[in-house]
Protein chains: 2
Amino acid sequence: MATIRDVAKEAEVSVATVSRVLNSNGYVNEDTRKKVLAAIQALNYTPNSVARSLYKKSSKTIGLIVPDIKNPFFPELARAVEDVLNKNNYTLILCNSDEKAGKEKEYIEVLKQKYVDGFIIVTSTLTASDVDGLNVPIISLDRIFESNVPIIASKNYEGARKATRYLIDIGCKKIAHIRGPLHISTADDRCFGYYDEMESNGMLEETLIANGSYDIKKTTEVTKELLLNNPDVDGIFAGNDVMAVGVLKAAEQTGRVVPDDLAVIGFDGIYLCEVTSPQLSTIAQPIYEMGYRAAETLINLIEGRFEKSQGSYSFDVQLIERQSTKRK
Amino acid sequence: MATIRDVAKEAEVSVATVSRVLNSNGYVNEDTRKKVLAAIQALNYTPNSVARSLYKKSSKTIGLIVPDIKNPFFPELARAVEDVLNKNNYTLILCNSDEKAGKEKEYIEVLKQKYVDGFIIVTSTLTASDVDGLNVPIISLDRIFESNVPIIASKNYEGARKATRYLIDIGCKKIAHIRGPLHISTADDRCFGYYDEMESNGMLEETLIANGSYDIKKTTEVTKELLLNNPDVDGIFAGNDVMAVGVLKAAEQTGRVVPDDLAVIGFDGIYLCEVTSPQLSTIAQPIYEMGYRAAETLINLIEGRFEKSQGSYSFDVQLIERQSTKRK
DNA sequence: ATGAAAGCGCTAACAG
DNA sequence: CTGTTAGCGCTTTCAT
């Protein structure tokens with residue numbers, strides 16, 4: 001591997017000059033510039049980013065920490081982030097935290113030593129104090145974070161109200177909610193939205209809310225139990241699309257026909273919805289856009305560009321009607 | 001951020017000594033060791049990996065290049081890789097190539113400048129010459145690579161024969177194959193397996209093979225066309241599970257009942273199979289194990305450990321019967 | 001057992 | 001416009 005020194009020698013100039021043409025930085029005579037370029041060509045030289053990082057204290061790299069890339073919500077997010085980074089000559093480090101604060105902190109520690117320039121993190125376990133000392137820009141994606149880091153998310157509460165309202169509109173009389181894990185802001189907000197909408201329609205009953213998890217099988221079990229205790233439930237708002245699949249399975253296993261006996265709606269808008277049968281109605285978030293915006297915001301922060309409105313943003317969500325709620 | 005110099009000063013020793021205790025390398029008096037450790041504690045010092053990388057020409061980082069993390073096959077692979085890396089104190093850089101040789105080469109170039117220690121790559125466009133000069137260990141995952149890099153994959157050809165054989169066994173008389181993209185070794189091998197099994201049963205007709213792509217909608221179209229031209233097809237072996245979903249949709253749209261009018265089987269064994277209705281039969285690969293083994297092999301290579309049998313490995317696949325082939 | 005110093009490859013004052 | 005040089009923070013001979 002040729003170094004900047006080799007190039008300098010080949011071009012009969014100093015390393016400073018080579019560095020200048022490399023970074024189009026400072027004045028350099030057109031002729032010497034050409035000589036340097038030729039030398040670079042001749043030696044097939046490419047600058048060493050590690051050396052540059054050491055000096056610059058920046059690695060043109062960002063860390064994305066998600067709970068688990070296998071959850072179908074995250075690949076699309078990750079892809080969007082990677083696309084933006086790629087376009088801006090950054091590189092993506094992917095970390096799976098399994099929602100464990102320990103892993104998250106360790107990753108942050110390790111990556112900081114690598115001069116990572118920023119983080120995008122989907123977390124419900126980290127707190128402001130974990131992040132305050134951190135001298136690196138950080139963005140919270142998809143989840144509320146009690147601190148002043150920018151938050152890129154979407155309107156979970158409003159979306160949940162919309163979903164519930166919609167089930168009411170199509171004629172459901174007894175609507176249950178299988179909520180996502182406790183203490184995950186997204187799940188909490190959706191639960192609140194459901195709660196408030198139900199209450200303001202005088203339809204609320206505490207037993208209609210069940211605690212699910214982002215696991216199809218577990219959600220199926222939970223749903224079956226709920227249906228056992230409340231056989232006349234005729235509509236279910238699931239905490240997300242993956243959970244909605246679990247609900248669909250529960251319906252099938254208890255001999256209910258969706259949507260006629262039981263209308264089902266999810267949340268997120270992942271492609272999974274179009275694959276099930278019946279296809280799932282859902283409250284769709286603009287997932288790719290969320291990842292895209294998070295990455296753009298982070299890069300703006302890193303590069304010290306002006307950030308309007310603190311950088312936080314909340315995306316609108318959209319009701320998508322499919323077979324799982326279309327009653328004839 | 002404290003540096004090794006600060007620690008040295010605090011402990012009243014030289015930086016060399018600090019480095020020694022940091023790396024448990026060379027002799028160091030127990031007492032001075034304690035002093036150094038205390039200083040490290042006191043200053044809350046953590047070594048800077050970039051500086052270390054510069055000297056060592058290694059970053060404890062590997063690059064994983066996949067076509068598109070949104071394709072549900074890859075997240076599980078990526079997760080397995082990350083798990084192994086994490087356990088071995090490596091870090092994962094994720095790259096999406098969209099099957100474009102240009103992007104792959106560029107990523108390799110960029111990452112080499114970062115002293116990435118190795119690559120795991122899922123590619124059908126790179127060739128031996130792209131990789132020969134490369135002075136970094138590399139593993140080809142899931143795809144055949146014409147060169148002497150280790151290949152971690154599974155038995156696509158045998159699996160395809162098994163799938164075809166199975167459709168014959170359950171009584172299908174006219175079996176079609178919607179194959180994956182041309183020049184992707186996985187898709188080619190599966191097509192060959194189908195071809196050979198059909199031929200050896202005297203059932204082969206060239207018109208029963210259609211060119212699909214890893215896109216549900218396109219596969220649906222292709223399948224509908226094939227069914228139009230061959231209305232009496234009663235079994236389809238799809239190039240992978242995603243494509244099988246497309247086939248399921250085509251069946252639905254043309255008024256065919258799966259499995260009674262048309263038996264369908266996929267390949268891969270992603271979780272999607274259990275979500276469709278009817279649930280999809282498939283030839284399952286041990287996806288997680290594949291990623292796991294690829295990562296382990298790579299780390300062995302990087303750390304110069306003895307590699308039995310060149311490192312290549314081909315996993316067995318397993319027929320999983322579900323509703324899409326279960327005729328009453 | 002410990003320290004001094006060279007150097008990994010690059011950038012940015014500072015001089016000229 | 002160009003060169004010299006001092007680091008960035010760490011590891012590793014080579015002395016002692």
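In the text below, chain A, chain B and the rest are named by the order of the sequence lines, each starting its count at 1. All values derive from a computational prediction rather than experimental measurement.
- Side-chain nitrogen and oxygen atoms of Ser19(A) include none within less than 4.0 Å of the OP1 or OP2 phosphate oxygen of dA12(C).
- Contact annotation: Ser14(A) reaches the phosphate of dG3(D) (side-chain N/O to OP1 or OP2, under 4.0 Å).
- For Asn29(B), counting side-chain heavy atoms from C-beta on, the closest listed nucleotide (dG9(D), dT12(D), dA1(C)) is dA1(C).
- Contacts of Thr32(B) with the nucleic acid, taken as non-hydrogen atoms under 4.0 Å apart, involve only primed sugar atoms and P, OP1 or OP2.
- For dG7(C), its base never sits under 3.5 Å from the side chain of Arg5(A) at any donor and acceptor pair.
- Residue contacts shown for Val13(B) are limited to sugar-phosphate atoms, with no base heavy atom under 4.0 Å away.
- Atoms CG (Asn48(B)) and P (dC10(C)) sit 18 Å apart, rounded to a whole Å.
- Which of dT4(D), dG9(C), dT12(D) sits closest to the side chain of Tyr115(B) comes down to dG9(C).
- Counting to the nearest Å, the P atom of dC1(D) and the NZ atom of Lys34(A) are 14 Å from each other.
- Nearest nucleotide to the side chain of Val15(A), out of dC10(C), dT4(D), dT11(D): dT4(D).
- Arg33(A) has a carboxylate O that lies under 4.0 Å from a charged side-chain N of Glu30(A), or vice versa, which qualifies the two as a salt bridge.
- The NZ-P distance, from Lys9(B) to dC10(D), rounds to 13 Å in whole Å.
- Proximity of Tyr55(A) to the phosphate of dA13(C): no side-chain N or O atom is located under 4.0 Å from OP1 or OP2.
- When the shell of 6.0 Å around CD of Glu289(A) is examined, it contains more than 12 heavy atoms from other residues, nucleotides or ligands.
- Following rounding to the nearest Å, Ile4(A) (CD1) and dG3(D) (C1') show an atom-to-atom distance of 13 Å.
- Within the 4.0 Å cut-off from OP1 or OP2 of dT11(D), not a single side-chain nitrogen or oxygen of Lys57(B) is found.
- Side chains of Ser185(A) and Asp188(A): a donor-acceptor N/O pair is absent below 3.5 angstrom, by distance only.
- Atom CZ of Arg20(A) is separated from atom C1' of dC10(C) by 13 Å (rounded to the nearest Å).
- Following rounding to the nearest Å, Leu22(A) (CG) and dG9(C) (C1') show an atom-to-atom distance of 11 Å.
- Where Arg52(A) and Gly26(B) each meet DNA chain C at their nearest nucleotide, the meeting point lying more 5' is that of Gly26(B).
- Taking 4.0 angstrom as the limit, Asn23(A) places a side-chain polar atom (N or O) nearer than this to OP1 or OP2 of dT11(C).
- In this structure, Asn135(B) places its CG atom where only 12 or fewer heavy-atom neighbours from other residues, nucleotides or ligands lie under 6.0 Å away.
- Formation of a donor-acceptor pair under 3.5 Å by the Glu82(A) side chain with backbone atoms of Asn96(B) is found in this model.
- The nearest whole Å value for the distance from the OH atom in Tyr27(B) to the C1' atom in dT16(D) is 17 Å.
- One can place CG of Leu54(A) at 17 Å from P of dG7(C), the figure rounded to the nearest angstrom.
- Closest-nucleotide positions on DNA chain D for Ser49(B) and Thr17(A) were compared, and the one nearer the 5' end corresponds to Thr17(A).
- Within the structure, a side-chain polar atom (N or O) of Asn25(A) is placed less than 4.0 Å from OP1 or OP2 of dA12(C).
- Under the 30°/60° scheme for interplanar angles, the aromatic rings of Tyr288(A) and Tyr292(A) are found to be tilted.
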